[in-house]
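Shown next, in structure tokens, is the structure this report addresses.
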Amino acid sequence: MSSSQPFLASSPISPAAGRRRKSRFTYKHLTQLGNSSTTCPLRVIAHIDLDAFYAQCEGVRLGIAEDQPLAVQQWQGLIAINYPARKFGLNRHINIVEAKKLCPNLIIQHVATWKEGDEKWAYHKDAFAHIATHKVSLDPYRLESRRILACIKDVLPAPPIQRVEKASVDEVFLDLSAQIHSILLERYPEISGPAPYDDPTEFLPRPSTTALDWNTDALVDLDVSETEDDDPDWDDIAILLGSEIVRLVRAAIRERLKYTSSAGIARNKMIAKLGSGHKKPNQQTIVRNRAVQYFLGEFKFTKIRNLGGKLGDEVVSKFATDEVKELLSVPIEQLKSKLGDDTGTWVYHIIRGEDSSEVNARTQIKSMLSAKSFRPIINTSEQAVRWLRIFVADIMSRLVEEGVLENKRRPKTLNLHHRQGAQMRSRQAPIPTGRPIDESMMFDIAKNLLGQIVVDGRAWPCSNLQLSVGGFEDGPTGNRGIGGFLVRGEEAKAMMPSGRDTDGVASTNDDELPEKRRRLNDGGIQNFFQKGEISHEDSAEYSDPADHAGNTSPVQSGPSSDETSERVNYDEEAKTKRSTTQHRGTLAPLQQSSLESWFCDRCSKSIPITAKSEHEDWHFARDLQAQERTTSTPDPRSDSSKATGHAQGPKKTQGTRPGNLSIQKRIEKGQSRLAFGNKLS
DNA sequence: GTGGATGAG
DNA sequence: CGCTCATCCAC
């Protein structure tokens with residue numbers, strides 16, 4: 001039974017089908033809809049998925065006819081196959097010659113690649129021949145993804161009504177609740193007034209509509225036990241409105257940018273996602289609330305997000321089934337005892353179609369990675385350093401493309417992953433604040449990280465290297481909260497209490513804050529890019545000298561306590577200049593001795609390896625002094641209780657990894673670093 | 001905060 | 001398959 005959703009199957013007043021005079025939903029539910037509350041039973045979520053995205057990108061780029069079979073090649077494999085080609089039985093795990101055999105008419109396009117020394121990726125002829133010297137670039141697809149995202153945002157109402165979450169390069173979630181709420185009030189005056197007796201628990205009147213035009217959308221069938229003859233209620237109206245919105249969004253993407261997409265519309269992210277995959281390509285699927293049970297029952301639960309991997313396997317083996325239908329009969333207590341309380345509870349609810357995870361109004365990435373699997377494997381630091389140059393150039397150009405400079409976001413850490421056979425190691429270092437990021441700085445840090453891995457031993461031969469930047473959202477927290485700075489979007493959100501209230505207060509979308517909120521009463525926005533000397537040629541355009549406010553917060557301490565802070569000029573003029581400024585970084589020539597000097601992250605300088613300990617001691621002493629000056633604020637930042645329960649996903653059960661085989665030597669270093677860190681914190 | 005693992009596409 | 005991106009967790 002659907003006892004888990006009392007508002008669906010049984011209502012406090014649940015007379016014969018079609019005879020109810022009241023809706024199953026209350027005025028409170030309607031208000032929740034306007035708030036995009038994650039618990040609102042009228043909620044409408046959409047998932048839009050571009051069809052065979054990489055293949056479509058190439059088709060659009062090359063002007064290839066849409067019915068032409070087309071596949072995208074990456075080295076020897078195919079990573080995307082368009083729908084015309086799929087009719088020939090092509091799939092992703094097939095090689096080039098087999099594909100050609102099955103479909104002689106197939107067009108195969110290799111992805112773009114980066115070549116060492118080039119300042120940009122390009123579509124190279126005969127790319128496969130250069131596997132040893134090029135790395136693939138997915139930039140073309142990221143760029144198209146951005147255009148599509150912009151298109152979606154353009155056709156939807158402005159934030160905060162608009163809520164768009166970029167789920168991957170070719171997928172978005174939309175929370176249409178708030179928009180639908182305003183449409184409902186507009187179109188149905190009978191519910192636009194206040195609740196009778198001002199009592200929000202009063203039930204709404206029934207919709208005046210008696211039959212809905214479900215258009216040509218794929219409507220998920222109902223189980224025989226469900227009642228189709230029931231008159232539509234407000235959840236049906238809401239989801240139909242959602243479907244109309246999605247139709248418009250998809251049409252805009254289609255007409256403006258030539259891309260087809262598929263979509264699912266449902267009451268939560270999980271069902272919407274399953275729905276978008278139900279009918280492809282170029283179709284949309286509505287999963288009404290009353291159809292959820294039946295729709296979900298037909299699936300293997302390993303198709304549900306988070307159950308596609310080891311957790312799913314574990315559930316399969318512990319309950320001897322992979323079907324949702326079977327698992328529904330397992331009592332929650334048994335799920336909890338076999339999977340752990342949190343995971344068991346999460347599984348219990350998710351297979352019943354309950355998912356209250358929110359659509360995060362987030363479209364910006366949090367990390368960026370450039371990687372290469374070596375074929376053949378490489379054996380020297382020389383080779384590795386050459387790849388680092390490519391990685392750095394790649395990441396740098398993507399940083400510029402992302403507009404991170406304009407948005408006042410910048411990565412905080414640089415990370416180098418290294419693989420030797422099955423052994424994976426990584427080292428990361430902070431990206432020094434106080435001056436603009438450029439290629440030579442990143443290259444220096446990357447070389448240093450490589451050095452750290454190399455001196456640990458067992459570095460060669462190396463089969464894979466990845467360089468990444470991360471920690472995009474965090475500016476320096478040291479100055480916050482003191483001057484009452486109003487910060488932008490993501491940062492403001494990060495400062496909010498972690499738990500949303502039960503009615504789901506709309507969170508701030510950072511992307512398009514109104515101008516009046518950008519401009520502060522008198523505070524200015526803390527610009528954490530231009531602390532210290534201004535060396536980058538763009539810098540003069542960022543800061544407003546007349547606006548200088550020496551910030552001498554005592555929290556800001558350490559080796560860089562003498563930094564000054566500048567405020568940002570948000571004039572449109574400056575904005576234009578900024579966005580048109582081109583990045584043209586140049587790398588210093590490769591140095592033979594690069595691994596013999598040591599790069600100090602603290603002051604961003606290269607130090608002879610022989611002077612390393614002395615230099616570190618100097619920092620240590622300086623840190624101690626700084627700490628003594630600032631022994632005030634306790635700052636309990638630990639209590640960020642993320643008790644979101646199962647709303648966001650299953651809680652991982654205990655690691656139970658097979659004992660870590662890594663070397664004990666590491667412990668020395670780890671402990672010494674830990675001790676050092678403790679003194680600082 | 002760091003390094004490793006999982007999971008998705 | 002190879003390349004990304006996000007999240008979680010023990011340390």
Side-chain angles (χ1 to χ4, degrees), chain A residues 49-50 52-54 72-80 91-96 111-114 131 135-139 141-142 145 165-171 273 276-277 302-314 342 357 360 362 364-375 391 394-395 398 412-419 422-430 449 452-453 456 463-474 601 637-638 642 644 648-658 660-662 666-667 669-671 673-674 676-678 680-681:
Chain A
D49 195 335
L50 278 294
F53 183 53
Y54 291 2
V72 179
Q73 176 189 6
Q74 180 178 278
W75 307 136
Q76 79 285 14
L78 298 179
I79 57 173
N91 58 62
R92 243 189 290 268
H93 294 112
I94 206 171
N95 67 38
I96 311 287
V111 300
T113 56
W114 269 84
I131 186 168
K135 82 173 290 304
V136 314
S137 173
L138 302 179
D139 256 9
Y141 314 128
R142 282 189 283 261
S145 179
E165 175 179 336
K166 180 172 181 168
S168 80
V169 73
D170 68 343
E171 290 173 84
K273 169 90 201 247
S276 71
T302 49
K303 297 295 179 193
I304 295 175
R305 188 173 147 90
N306 290 323
L307 286 173
K310 298 198 170 186
L311 177 56
D313 291 344
E314 185 188 347
D342 294 322
S357 60
N360 298 306
R362 219 180 14 73
Q364 315 221 45
I365 61 164
K366 293 176 176 169
S367 68
M368 225 181 248
L369 169 79
S370 188
K372 171 79 179 173
S373 293
F374 300 118
R375 313 168 32 167
F391 295 158
D394 180 18
I395 287 177
R398 281 159 60 184
K412 205 172 49 181
T413 59
L414 195 78
N415 200 315
L416 184 69
H417 279 252
H418 169 282
R419 190 165 69 198
Q423 170 84 12
M424 192 83 182
R425 274 180 294 167
S426 77
R427 288 293 180 274
Q428 77 182 57
L449 291 173
Q452 289 181 29
I453 287 174
D456 263 9
S463 57
N464 179 285
L465 269 184
Q466 359 186 137
L467 186 73
S468 61
V469 292
F472 269 88
E473 302 194 294
D474 303 321
D601 301 324
R637 70 176 61 229
S638 55
K642 292 185 174 181
T644 52
Q648 305 296 332
K651 183 173 179 186
K652 301 287 189 298
T653 49
Q654 205 62 345
T656 68
R657 302 272 165 275
N660 194 346
L661 302 173
S662 72
R666 188 79 57 74
I667 295 175
K669 291 193 174 192
Q671 282 181 340
R673 184 167 59 215
L674 187 61
F676 189 76
N678 284 342
L680 293 182
S681 65

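First the proteins, then the strands, lettered A, B, ... as listed; each starts at 1.
- Distance Asn415(A) CG to dG4(B) P: 9 Å, rounded to the nearest Å.
- At distances below 3.5 Å, at least one donor-acceptor pair connects side-chain atoms of Arg398(A) with backbone N or O atoms of Leu369(A).
- In this structure, OH of Tyr54(A) is placed 12 Å from P of dC3(C), rounded to the nearest angstrom.
- What separates NE2 of His417(A) from C1' of dA6(C) is a distance of 13 Å, to the nearest Å.
- Side chain of Ser426(A), nearest nucleotide from dT7(C), dC5(C), dG3(B): dG3(B).
- If you take CG of Leu414(A) and C1' of dG1(B), they are 15 Å apart, rounded to a whole angstrom.
- For dC5(C), one of the phosphate oxygens OP1 or OP2 lies less than 4.0 angstrom from a side-chain nitrogen or oxygen of Arg142(A).
- Rounded to whole angstrom, the span from the CG atom of Asp313(A) across to the P atom of dT6(B) amounts to 12 Å.
- Using a 4.0 Å cut-off between charged nitrogen and carboxylate oxygen, Asp313(A) and Lys310(A) do not count as a salt-bridge pair.
- Residue contacts for Arg419(A): at a heavy-atom cut-off of 4.0 Å it reaches no nucleic acid atom on any strand shown.
- Within the 4.0 angstrom heavy-atom criterion, only backbone atoms of the sugar-phosphate kind lie near Glu171(A); the bases stay farther away.
- Across dC5(C), dC1(C), dG2(C), the shortest atom-to-atom separation from the side chain of Met368(A) is found for dC5(C).
- Among the nucleotides dG3(B), dA6(C), dT4(C), the one closest to the side chain of Ile365(A) is dA6(C).
- One interatomic measurement links the two molecules: CD of Gln466(A) to P of dG3(B), which rounds to 14 Å at whole-angstrom precision.
- Counting any heavy atom pair closer than 4.0 Å across all strands shown, Ile453(A) reaches no nucleic acid atom.
- Residue Pro430(A) has its side chain nearest to dT2(B) when only dC3(C), dT2(B), dT7(C) are considered.
- In terms of position on DNA chain C, the residue among Ser367(A) and Lys372(A) whose nearest nucleotide sits closer to the 5' end is Lys372(A).
- Remark: Ser373(A) is in phosphate contact with dC3(C), judged by side-chain N or O atoms under 4.0 Å from OP1 or OP2.
- Relative to the side chain of Trp75(A), the nucleotides dT7(C), dT4(C), dG2(C) differ in distance, and dG2(C) lies closest.
- When heavy atoms are screened at a 4.0 angstrom cut-off, Asp170(A) is found touching the sugar-phosphate backbone but no base atom.
- Residue Arg375(A) places at least one side-chain N or O under 4.0 Å from the OP1 or OP2 atom of dG2(C).
- A straight line from CG of Leu311(A) to P of dC8(C) spans 14 Å, rounded to a whole angstrom.
- In terms of phosphate contacts, Lys135(A) brings a side-chain nitrogen or oxygen within less than 4.0 Å of OP1 or OP2 of dT4(C).
- Minimum atom distance to the side chain of Gln428(A) is reached by dG3(B), of the listed dG3(B), dG7(B), dT4(C).
- One interatomic measurement links the two molecules: CD1 of Ile96(A) to P of dG2(C), which rounds to 13 Å at whole-angstrom precision.
- The main-chain N or O of Asn415(A) is never found under 3.5 Å from a side-chain atom of Gln428(A) such that the two would form a donor-acceptor pair.
- Checked against side chain to side chain donor-acceptor pair (under 3.5 Å), Ser145(A) has the following partners two or more places apart in sequence or in another chain: Lys166(A).
- The phosphate of dT6(B) has OP1 or OP2 within less than 4.0 Å of a side-chain N or O from Lys310(A).
- Evaluation of the side chain to side chain donor-acceptor pair (under 3.5 Å) rule for Arg375(A) yields Gln76(A) as partners, not counting sequence neighbours.
- Applying the 4.0 Å criterion to OP1 and OP2 of dG1(B), one finds that Thr413(A) has every side-chain N and O outside that range.
- Aromatic ring pairs are classed by plane angle as parallel below 30°, tilted from 30° to 60° and perpendicular above 60°; the pair Tyr141(A) and Phe53(A) is perpendicular.
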